[in-house]
Amino acid sequence: MTSSPTPAPERYNAKDAEPRWQEAWAAQGIYATRNDDERPKYYVLEMFPYPSGRIHMGHVRNYAMGDVVARYKRAKGFAVLHPMGWDAFGLPAENAAMERKVNPREWTYANIATMRGQLQSMGLSLDWSREIATCDPDYYKHQQRMFLDFLAKGLVTRRTAKVNWDPVDHTVLANEQVIDGRGWRSGALVEQRELTQWFFKITDFAQDLYDALDGLERWPEKVRVMQKNWIGRSEGLEVRFALDGASGDASEVKVYTTRPDTLFGAKFLAIAADHPIAASVAATRPELQTFIEECRRTGTAQAAIDTAEKLGFDTGLRARHPLDPSWLLPVYVANFVLMEYGTGAVFGCPAHDQRDLDFSNKYGLGNTPVVCPEDLDAASFVITDTAYDGDGRMINSSFLDDMTTDEAFHAVANRLEGEILDGEPVAQRKVQFRLRDWGVSRQRYWGCPIPIIHCEACGPVPVPVSDLPVKLPDEVSFDTPGNPLERDHAWRNVPCPQCGAPARRETDTMDTFVDSSWYYARFTAPWLTDAPTDRAAVDHWLAVDQYIGGIEHAILHLLYARFFTRAMQATGWSGVSEPFAGLFTQGMVVHETYKDQAGAWVQPADIRITAEGGERQAFHVKTDAPISIGSIEKMSKSKKNVVDPDDIIASYGADTARWFMLSDSPPERDVIWTEDGVQGAARFVQRVWRLVSLAAGVSTGEGATDAVLRKAAHKALAAVEEDVERLRFNRCVAHIYTLSNALDEALRAGSVSRSAAMEAAGILTQLVAPMMPHLAEECWSALGREGLVAQAAWPAVDRALLVEDEITLPVQLNGKKRADVTVPRTADTATVEALVLADEAVRKALEGRSPRKVIVVPGRIVNLVV
RNA sequence: GCGGACGUGGCGAAACCGGUAGACGCACGAGACUUAAAAUCUUGCGGCUGAAAGGCUGUGCGGGUUCGAGUCCCGCCGUCCGCACCA
């Protein structure tokens with residue numbers, strides 16, 4: 001550097017620079033992606049937001065991560081698709097309509113406008129020309145088309161089913177939307193009702209959805225395990241038990257079991273309260289009817305299940321044991337048997353199932369152990385109040401004795417499958433899934449109308465494709481609870497498309513999870529008016545290479561989307577069955593909570609914190625009253641521990657917010673939002689600007705530190721490259737800090753040449769660019785580089801700079817570090833050993849002893865054993 | 001109950017295949033500049049010990065394997081998440 005003092009550069013002004021660069025990007029349309037781009041494709045997608053009103057910090061974190069990937073891949077030469085849209089149907093719009101008398105559509109579009117502006121102020125490299133909103137008829141029209149196609153393919157059915165009814169939201173909920181017996185949105189206790197519903201037959205794909213999970217290598221293990229458990233595959237045997245002295249329809253009970261090996265331990269049969277046989281017996285026995293109603297009332301609530309006693313009612317029926325027709329088993333109606341799973345009936349084996357044992361002990365049915373653990377003596381093996389569900393040797397089991405449980409399973413299955421009763425085998429091997437079909441009917445207004453017309457004569461008739469979309473009526477009233485579509489007679493009453501007779505529209509709308517099950521496919525050609533997708537575009541862009549979103553969608557959304565691509569494949573709308581090749585689930589943004597003396601929550605903006613001597617104390621900014629600092633929790637309005645992204649962008653700029661969201665915590669973990677952290681990020685923004693400005697001002701310099709600086713720059717470049725690929729943004733941040741420290745040192749020493757300073761500053765700028773794009777543009781132009789850094793190619797790593805000529809090896813004595821010895825990189829093991837043993841510090845530590853063994857790990861370490 | 005993840009300074013964390021534990025940042029302490037503050041800079045920062053060089057010790061606890069363990073194995077303890085009467 002010159003000896004004349006360089007004037008301190010001006011501070012970087014984010015407020016001025018950010019909108020300026022956003023305009024430059026928009027003016028040149030550099031983030032719009034063409035489908036005919038011939039470079040290799042890369043599709044990066046963040047879960048699209050519900051337009052609730054304003055973006056929150058969770059969005060900032062999610063979209064900052066996606067944007068880093070998009071910008072990096074673009075620089076790496078990929079044709080990047082990075083679109084954004086709105087998951088715009090849903091209950092909050094209707095709630096707003098009821099509470100504030102606003103139209104749901106207007107409310108939703110106003111929110112979209114606000115949030116689009118907020119996202120744009122973040123400087124995200126999104127292709128806004130592909131923006132979609134699921135509440136737009138141009139979107140849901142195609143969803144209706146696919147519904148009809150699925151229906152024609154047999155992937156949609158209509159049936160009466162017991163459904164979860166949310167009495168607060170006045171709607172049906174899918175099983176997935178009932179949490180601990182309560183509605184996922186309203187928190188109301190869910191009731192059971194019989195309704196006619198539309199279902200997507202997701203169970204048709206149960207096996208494939210299960211098997212294909214193993215191929216999703218770039219999904220978190222956790223999510224794959226959760227989906228596996230949810231699909232709940234089990235292998236077992238369906239066994240027919242003939243009822244003694246009965247005939248006709250109710251002459252047998254079918255039972256599903258995964259443990260046919262324990263059949264000789266059977267003590268009873270139990271059927272669900274909703275089982276048809278229970279109903280037929282109850283017809284003549286009012287006490288049983290009373291019992292069945294009690295069972296229904298207990299419901300499925302968590303607390304009820306935990307505390308509910310195993311209760312049963314002896315029907316008086318007796319079932320013949322399939323392996324010994326002279327053996328009769330009592331048939332109970334029991335409150336713990338679920339009609340929805342298997343056949344709604346089980347055989348009870350008290351010795352080897354805890355539930356059955358509890359039941360048996362209560363009703364005095366006894367138990368017979370039939371599986372003896374390998375290490376125990378069969379003669380003394382008894383079960384009292386703990387069932388044994390492990391493996392072992394068969395005992396007390398006739399022809400099964402001495403087999404393993406596994407052998408016994410197959411022996412029983414083989415025998416019963418071969419035995420024919422009334423023209424059918426007594427038993428059949430069967431794979432059973434826990435997964436149920438997806439009920440999609442919702443009794444709501446603000447959703448995609450189901451394109452069906454109900455005709456007295458013709459039944460449910462599909463709306464002709466040429467009549468799509470079935471548009472929602474604009475003017476609706478929310479004065480009375482329930483679905484306004486039912487009260488809108490002008491909308492509802494239409495002629496039957498088949499016979500022309502007066503008919504009525506289906507007034508249910510689709511679950512909003514349907515909307516989000518295919519939006520990623522629509523993004524590939526959102527301009528199409530006559531078809532949901534363009535096969536060439538879908539097959540080109542899918543699967544999404546990197547999908548990023550919250551873990552809360554691990555089951556619902558991700559499973560529905562996986563089903564949907566399969567259904568689209570079956571109906572020709574997609575050639576791809578898995579929608580998301582790579583999935584990343586990011587952690588939450590959390591914040592400290594604050595309470596005043598009265599115990600009321602106080603928002604962070606009203607807090608001042610002191611930390612003298614390391615002890616943190618909080619005070620109210622206005623009253624100076626002491627505030628107690630509480631636990632760190634997910635940002636939520638109720639606890640007032642929210643920080644508004646708009647405020648942060650206004651006072652620090654988007655780059656600061658983005659940088660902070662990406663630093664410190666690993667992206668899959670929660671990140672704690674702190675004022676100190678934001679200020680640290682803001683300081684770094686200034687530091688980068690200062691260093692780049694200083695580097696741009698270097699004119700002379702003999703270049704003594706050039707080699708060191710170039711090494712640091714290329715090391716950082718290589719490291720950031722590797723870590724961005726693996727989404728380890730916190731490590732990228734650390735490497736960038738390290739490079740800026742090196743550049744700072746070199747500039748301060750004043751011995752760096754202009755070309756080396758410019759190179760390092762350029763690399764620093766490009767490393768920072770995916771994370772802080774506005775600052776990077778400003779730096780890029782300060783360095784006098786051509787065009788936009790957003791369009792610049794990623795710099796090439798000079799691998800030669802990554803290898804050191806000399807390496808400093810730690811030397812251990814019996815595993816404890818005693819010295820450092822510097823050796824040439826190319827030195828062989830013998831040379832290293834000689835150099836180490838000649839080292840002064842090593843000789844001192846050896847105290848004259850000679851090592852018994854010398855372990856040289858090339859390039860790593862040397863260990864001397866004495 | 002079943003399944004999964006995790007446990008490292010005051011804090012967020014890093015440590016790739018078993019090879020220098022604590023990179024990088026935050027906070028904090030001392031100092032420089034300043035009338036003062038901010039900003040910036042210098043410096044210290046796991047614990048014990050020492051003037052320093054250094055020594056001892058240290059990754060939830062107890063064992064083990066190894067020349068060498070935060071990392072692998074066995075057994076505990078704790079925290080978090082998911083599922084849950086699924087036959």
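We name chains A, B, ... by the order of the sequence lines, and we start the count at 1 in each one.
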> Touch check for Lys816(A), heavy atoms < 4.0 angstrom, all strands: base, sugar-phosphate only, or nothing?
Replying inline: sugar-phosphate
> Given A84(B), is OP1 or OP2 found less than 4.0 Å from the side-chain N or O atoms of Arg434(A)?
Replying inline: yes
> According to a strict under-4.0 Å criterion, is Arg860(A) in side-chain N/O contact with OP1 or OP2 of G18(B)?
Replying inline: no
> Under 4.0 angstrom, heavy atoms only, what part of the nucleic acid is Ser663(A) near: base, sugar-phosphate, or nothing?
Replying inline: nothing
> Could Lys254(A) and Phe241(A) be counted as a cation-pi pair, given that NZ or CZ must be under 6.0 Å from the ring centre and within 45° of the axis?
Replying inline: no
> Can you check whether Arg669(A) has a side-chain N or O nearer than 4.0 Å to OP1 or OP2 of A14(B)?
Replying inline: yes
> Quick one: is A38(B) close enough that its OP1 or OP2 comes under 4.0 Å of any side-chain N or O from Arg683(A)?
Replying inline: no
> When we call it a touch if two heavy atoms are under 4.0 Å apart, what does Arg852(A) touch: a base, just sugar-phosphate, or nothing?
Replying inline: nothing
> salt bridge (Lys or Arg N to Asp or Glu O under 4.0 Å) between Arg748(A) and Glu745(A): does it pass, once the steps are laid out?
Replying inline: CA-CA 5 Å; Arg748(A) 211 177 288 282; Glu745(A) 225 168 284; over 6 Å; no
> What does Tyr737(A) touch in the nucleic acid at a heavy-atom separation under 4.0 angstrom: a base, only the sugar-phosphate, or nothing?
Replying inline: sugar-phosphate
>> Counting the atoms with a prime plus P, OP1 and OP2 as sugar-phosphate, which does Val854(A) contact under 4.0 Å by heavy atoms, base, sugar-phosphate, or nothing?
In response: nothing
> Within the pair Asn730(A) and A14(B), is there a side-chain N or O less than 4.0 Å away from OP1 or OP2?
Replying inline: yes
> Given C83(B), G19(B), C81(B), which nucleotide is nearest the side-chain atoms of Ile855(A)?
Replying inline: G19(B)
> Given C2(B), is OP1 or OP2 found less than 4.0 Å from the side-chain N or O atoms of Arg355(A)?
Replying inline: no
> So what does Val225(A) hit on the nucleic acid, given a heavy-atom distance under 4.0 Å: a base, only sugar-phosphate, or nothing?
Replying inline: sugar-phosphate
> Closest to the Val857(A) side chain: A39(B), C26(B), G19(B)?
Replying inline: G19(B)
> Reckon Arg818(A) touches a base, only the sugar-phosphate, or nothing at all at heavy-atom distances under 4.0 Å?
Replying inline: sugar-phosphate
> Counting any heavy atom closer than 4.0 Å, what does Asp353(A) reach on the DNA or RNA strands: base, sugar-phosphate only, or nothing?
Replying inline: nothing
>> The side chain of Asn741(A) is closest to which nucleotide in this list: C24(B), A27(B), C56(B)?
In response: C24(B)
> Where the side chain of Arg748(A) is concerned, which of C41(B), A87(B), G68(B) is the nearest nucleotide?
Replying inline: C41(B)
>> Only Watson-Crick and G-U wobble pairs, only distances under 3.5 Å, only runs of 3 or more: what stems does that leave for RNA chain B?
In response: B:1-7 with B:77-83, B:10-12 with B:24-26, B:28-32 with B:40-44, B:46-49 with B:54-57, B:60-64 with B:72-76
>> Does U66(B) have OP1 or OP2 under 4.0 Å away from a side-chain N or O of Asn863(A)?
In response: no
> OP1 or OP2 of A87(B) less than 4.0 angstrom from a side-chain nitrogen or oxygen of Tyr341(A), does that happen here?
Replying inline: yes
> Using 4.0 Å as the upper bound for N to carboxylate O, is an ion pair formed by Glu840(A) and Lys844(A)?
Replying inline: no
>> Using the rule side chain to side chain contact (heavy atoms under 4.5 Å, CB included), only one of Leu864(A), Asn863(A), Val865(A) pairs with Asn814(A); which is it?
In response: Val865(A)
>> Could you walk me through whether Phe268(A) and Phe347(A) satisfy the ring-ring contact (aromatic ring centres under 6.0 Å, His included) test, starting with their C-alpha distance in whole Å, then the side-chain angles of each, then the deciding distance to 0.1 Å, before giving a yes or no?
In response: CA-CA 6 Å; Phe268(A) 62 93; Phe347(A) 87 85; 8.8 Å; no
